[in-house]
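Worksheet for the structure shown next.
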Amino acid sequence: ISVYAPALENNLITYGSVLKDEPLPNYFDDGSEGPNNFDGTFAGTVNVDQAITESLNAPVAQLINQMSPLVSYQFLTLSEEDSYNVGGVAIGGLTNGISVREMTGAYQIFGNGGKYYTPYTVYRIEDNEGNVIYDYQQNHSEEQAISFDTATIMNKLLHLPINGTDADAYPTANMVRRDDLDQIGKTGTTDWGDSGLQYGIPETAMKDEWAIAYTSEYSVAVWTGYTDTGIENGYYITQDVLNQAIASHSARAMLDEISE
């Protein structure tokens, strides 16, 4: 949402662009390179579709470095610190974070032809005589956040984490898949970095797990993990828990329920 969409919108990449898949020099504060991909390997170059399908970290960091975090800062509502936060904008860890509601609302633009509709919880309120007290349809706002063309390309790309590609790329969101639904989705994780070392947390240990899925009618986002206060208690998502893909299965259960 913060890199590929604005890169497409600004004609910096296309569906078939080739990206560097290698660590970025001086990525971390200590001057070391990064970030690593989930499996610790790099291919040298990858196509955009493979990078999104496998949720690769290095290519998206290379891309945000190429186009500048300022582009994402101008595209999204971010803190000023994020205007130069390559890692946070690329793979997660924004200064002020993001809520599940905001994430759900953000991804809807790829299924709405680029239009953003203000997320809502209450759709309609009537009194005991049937008089309408509140109607979302009369109070909602909409905005053309990205062009129809960009939304169409992103829509096609975000089918891949669920359905896979013709190549050997592993679809990271395939747990959400239902054969009877046209679905789009994305998964993601954020680690504690080196901030948790003093609390006994391994450097690559995860603190957040996300799953976003949507159909032509519904947009769903699920977050599992720990808030920043968890670091002092040494909390992190173990690999066994991560392998259970709780966020993805929860998103699938929600889609099952609301799609009936």
Side-chain angles (χ1 to χ4, degrees), residues 1 3-4 21 23 34-43 46 49-61 87-88 90-94 97-100 103-104 107 157-179 181 183-197 199-215 219-259:
I1 186 71
V3 182
Y4 290 111
D21 182 22
N36 288 324
N37 292 323
F38 185 76
D39 62 1
T41 66
F42 304 95
V46 294
D49 59 349
Q50 181 180 351
I52 290 179
T53 303
E54 297 188 351
S55 196
L56 298 178
N57 293 329
V60 73
I91 61 175
L94 297 174
I98 187 170
S99 71
V100 177
M103 188 72 83
T104 307
Y107 269 80
L157 284 168
L158 288 171
H159 275 83
L160 302 179
I162 290 180
N163 299 325
T165 67
D166 294 334
D168 295 328
Y170 175 73
T172 52
N174 65 340
M175 290 77 72
V176 183
R177 178 174 177 172
R178 271 180 51 171
D179 292 337
L181 287 178
Q183 297 165 269
I184 300 165
K186 185 75 176 65
T187 59
T189 55
T190 310
D191 62 40
W192 282 115
D194 58 6
S195 301
L197 293 177
Y199 302 105
I201 300 175
E203 186 169 0
T204 58
M206 301 298 171
K207 71 185 185 79
D208 300 303
E209 180 190 6
W210 285 89
I212 296 94
Y214 57 95
T215 68
S219 178
V220 171
V222 177
W223 169 83
T224 62
Y226 298 100
T227 61
D228 288 343
T229 56
I231 192 171
E232 298 177 2
N233 296 308
Y235 296 154
Y236 63 92
I237 304 174
T238 65
Q239 190 60 50
D240 286 342
V241 172
L242 199 61
N243 290 340
Q244 295 178 40
I246 295 174
S248 293
H249 288 296
S250 299
R252 166 64 187 270
M254 293 172 67
L255 283 178
D256 286 347
E257 181 67 23
I258 63 180
S259 298

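- Under the 4.5 Å side-chain criterion, counting only non-hydrogen atoms from C-beta, L157 is in contact with D49.
- Residues H159 and Q183 share a closest heavy-atom pair of CD2-O, 3.3 Å.
- When the options V241, D191, T224 are evaluated for a side-chain contact (heavy atoms from CB on, under 4.5 Å) with M206, the one that passes is D191.
- No side-chain heavy atom of V60 sits under 4.5 Å from any side-chain heavy atom of S55.
- Heavy-atom minimum distance, A221 versus V100: O-CG1, 3.3 Å.
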* To do: For Y4 and I52, run side chain to side chain contact (heavy atoms under 4.5 Å, CB included): C-alpha distance rounded to whole Å, both residues' side-chain angles, the deciding distance at 0.1 Å, then the answer.
  => CA-CA 9 Å; Y4 290 111; I52 290 179; 3.6 Å; yes

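- Here Y214 contributes atom OH and I162 contributes atom CD1; the two are 9.0 Å apart, rounded to the nearest 0.5 Å.
- Checked options D208, N233, I237; the residue passing with Y226 is I237 (criterion: side-chain contact (heavy atoms from CB on, under 4.5 Å)).
- Closest approach of K186 and P161 over heavy atoms only: CD-CG, 4.4 Å.
- Listed here is the closest heavy atom pair of H249 and Q244: CD2-O, 3.0 Å.
- Within the structure, salt bridge (charged side-chain N to carboxylate O under 4.0 Å, His left out) pairs that include any residue of residues 224-252 comprise K207-D228, R252-D256 (at least two apart or interchain).
- Within a 6.0 Å sphere centred on CZ of F42, heavy atoms belonging to other residues, nucleotides or ligands number more than 12.
- Atom OG of S250 is separated from atom CG of L255 by 11.0 Å, given to the nearest 0.5 angstrom.
- Here the options are L160, L158, I212, the test is side-chain contact (heavy atoms from CB on, under 4.5 Å), and the partner is I184; only L158 passes.
- A distance of 9.5 Å separates OG1 in T187 from CZ in F38, rounded to the nearest 0.5 Å.
- Across all non-hydrogen atoms, the minimal contact from P35 to A58 is O-CB, 4.0 Å.
- The CG atom of N37 sits 5.0 Å away from atom CG of D21, with the distance rounded to the nearest 0.5 Å.
- The minimum heavy-atom distance linking A205 with Y236 is given by the pair CB-CD1, 3.5 Å.
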* **Test log, rule side chain to side chain contact (heavy atoms under 4.5 Å, CB included), inputs Y107 and I1** => CA-CA 7 Å; Y107 269 80; I1 186 71; 4.0 Å; yes

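- For the atom pair CG of L197 and CD1 of I201, the computed distance is 8.5 Å after rounding to the nearest 0.5 Å.
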